[in-house]
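Data first, discussion second: the structure below is written as structure tokens.
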Amino acid sequence: MNGLLTLTNASRKGLSKSTERYENLCAAATADKSFDCQIDSIYFNISLTLDLIEKLDHPLDSIMQRINQLVTFHKNKKFIRQIKWINSIKGVGFLTAVAIMCEIGDFAAFRNPKQLFAYFGLDPEVNQSEKFVGTQVHMSKRDSRIARRAVFAIALASIRTKQNGEGIHPYLRQYYEKKSGQKPKMVALGAVMHKVCNIIFAVLRDEKEFELRSPEEHCRQYQRPASQAA
């Protein structure tokens, strides 16, 4: 449960970036006054932005503390264990895991990944009529907007690379590179989102933390039970 009570590396990096921008705004405001080249409207907008950041910072900390308290208090509940399983997936932060499980609710209602795709609004939708069939495929966006945004954020994080050039999720990174070589980048990213949904469904179905395995290892794993049954 320790992983649930702290921000993930991705979350820390996001917080670090936000802090850096905040400090840059403060430095810009100070420099503006030092060089005596003030433009009232710009200075006012910078001050307003800094004030808003400071006002939002405390409530966000309070909300985070409350979420952690609830997770700790109910740590033996299956719902909390499900958050932990999702949080173990590469590219998934604690708050993202909480948001996804809050949107899913009762996972028992989903019998296969396709139902999860549809619930998240990730099933493809093609504009067509009697005389026209669209060539661009869009996501239907019929259902959970929050979950869809969360999966989008996970997909983006999964295809990013570390400072050493290694992918956050190397196999999804390879999959994205292969797809983006054949399709527009947003279509390739949509395909990664479907893979992410498959992974979320798998960890919740198997009730265990994520294990990074290659597609070949997955195939061998599922071929083994089939051959044993035969």
Check: Quick one: CD1 on I146 to CZ on F120, what's the gap to the nearest 0.5 Å?
Finding: 11.5 Å
Check: At their closest point, which heavy atom of L116 faces which heavy atom of C197, and how far apart are they?
Finding: CD2-O, 3.9 Å
Margin query: Are L70 and M101 linked, directly or through intermediate hydrophobic residues, by side-chain heavy-atom contacts shorter than 4.5 Å (ILVMFWY only)?
Written below: no
Item checked: Rounded distance [0.5 Å steps], CD1 in I200 versus CD1 in I154 -> 4.5 Å
Checklist line | L95 to M64 - nearest heavy-atom pair and separation | finding: CD2-SD, 3.5 Å
Margin query: If you compare all heavy atoms of A188 against all heavy atoms of S180, which two are closest, and at what distance to 0.1 Å?
Written below: CB-N, 3.6 Å
Note to self: Run the side-chain contact (heavy atoms from CB on, under 4.5 Å) test on V196 and F152 for me, step by step, so that the C-alpha distance in whole Å, both residues' side-chain angles and the decisive distance to 0.1 Å come before the verdict.
What the structure shows: CA-CA 9 Å; V196 169; F152 178 76; over 6 Å; no
Next item on the list: Please tell me if the side chains of L172 and I199 come closer than 4.5 Å, counting only heavy atoms from C-beta onward.
Entry: yes
Margin query: To the closest 0.5 Å, what do you measure between NZ (K114) and NE2 (H194)?
Written below: 10.0 Å
Notebook entry, point to check: Is there side-chain contact between L204 and F110, with heavy atoms separated by less than 4.5 Å?
Noted result: no
Notebook entry, point to check: Taking C-beta and beyond as the side chain, do F94 and V71 meet within less than 4.5 Å on heavy atoms?
Noted result: yes
Notebook entry, point to check: Is there a donor-acceptor pair closer than 3.5 Å between any side-chain N or O of R173 and the backbone N or O of R160?
Noted result: no
Item checked: Any Q82 side-chain heavy atom under 4.5 Å of F79 side chain -> yes
Margin query: Checking V203 against E209 for the side-chain contact (heavy atoms from CB on, under 4.5 Å) test, could you report, in this order, the C-alpha distance in whole Å, the side-chain angles of both residues, the deciding distance, and whether it holds?
Written below: CA-CA 6 Å; V203 297; E209 293 188 3; over 6 Å; no
Checklist line | Heavy-atom pair of closest approach, residues N87 and G93 | finding: ND2-C, 3.4 Å
Checklist line | Test log, rule side-chain contact (heavy atoms from CB on, under 4.5 Å), inputs L189 and M186 | finding: CA-CA 5 Å; L189 188 59; M186 287 305 296; 4.3 Å; yes
Checklist line | Value rounded to 0.5 Å, distance of CD1 in I63 from CZ in R66 | finding: 12.0 Å
Check: Once you round to the nearest 0.5 Å, how far does CD of E211 lie from CG of D206?
Finding: 9.5 Å
Notebook entry, point to check: Below 4.5 Å, heavy atoms only, C-beta onward: do K179 and V192 meet side chain to side chain?
Noted result: no
Margin query: Any non-hydrogen side-chain atom of K78 less than 4.5 Å from a side-chain atom of E207?
Written below: yes
Check: Got a second to check how far Q174's CD is from K178's NZ, nearest 0.5 Å?
Finding: 10.5 Å
Note to self: Are F117 and N198 packed together at the side-chain level, in the sense that at least one heavy-atom pair is separated by less than 4.5 angstrom?
What the structure shows: yes
Next item on the list: Please examine the side chains of L212 and H169, heavy atoms only from C-beta on, and report whether any two atoms are closer than 4.5 Å.
Entry: yes
Margin query: So which atom in I168 and which in G91 form the shortest heavy-atom distance, rounded to 0.1 Å?
Written below: CG2-N, 4.1 Å
Margin query: Show the nearest heavy-atom pair for residues Y119 and I104, with the distance to one decimal.
Written below: CE2-CA, 4.2 Å
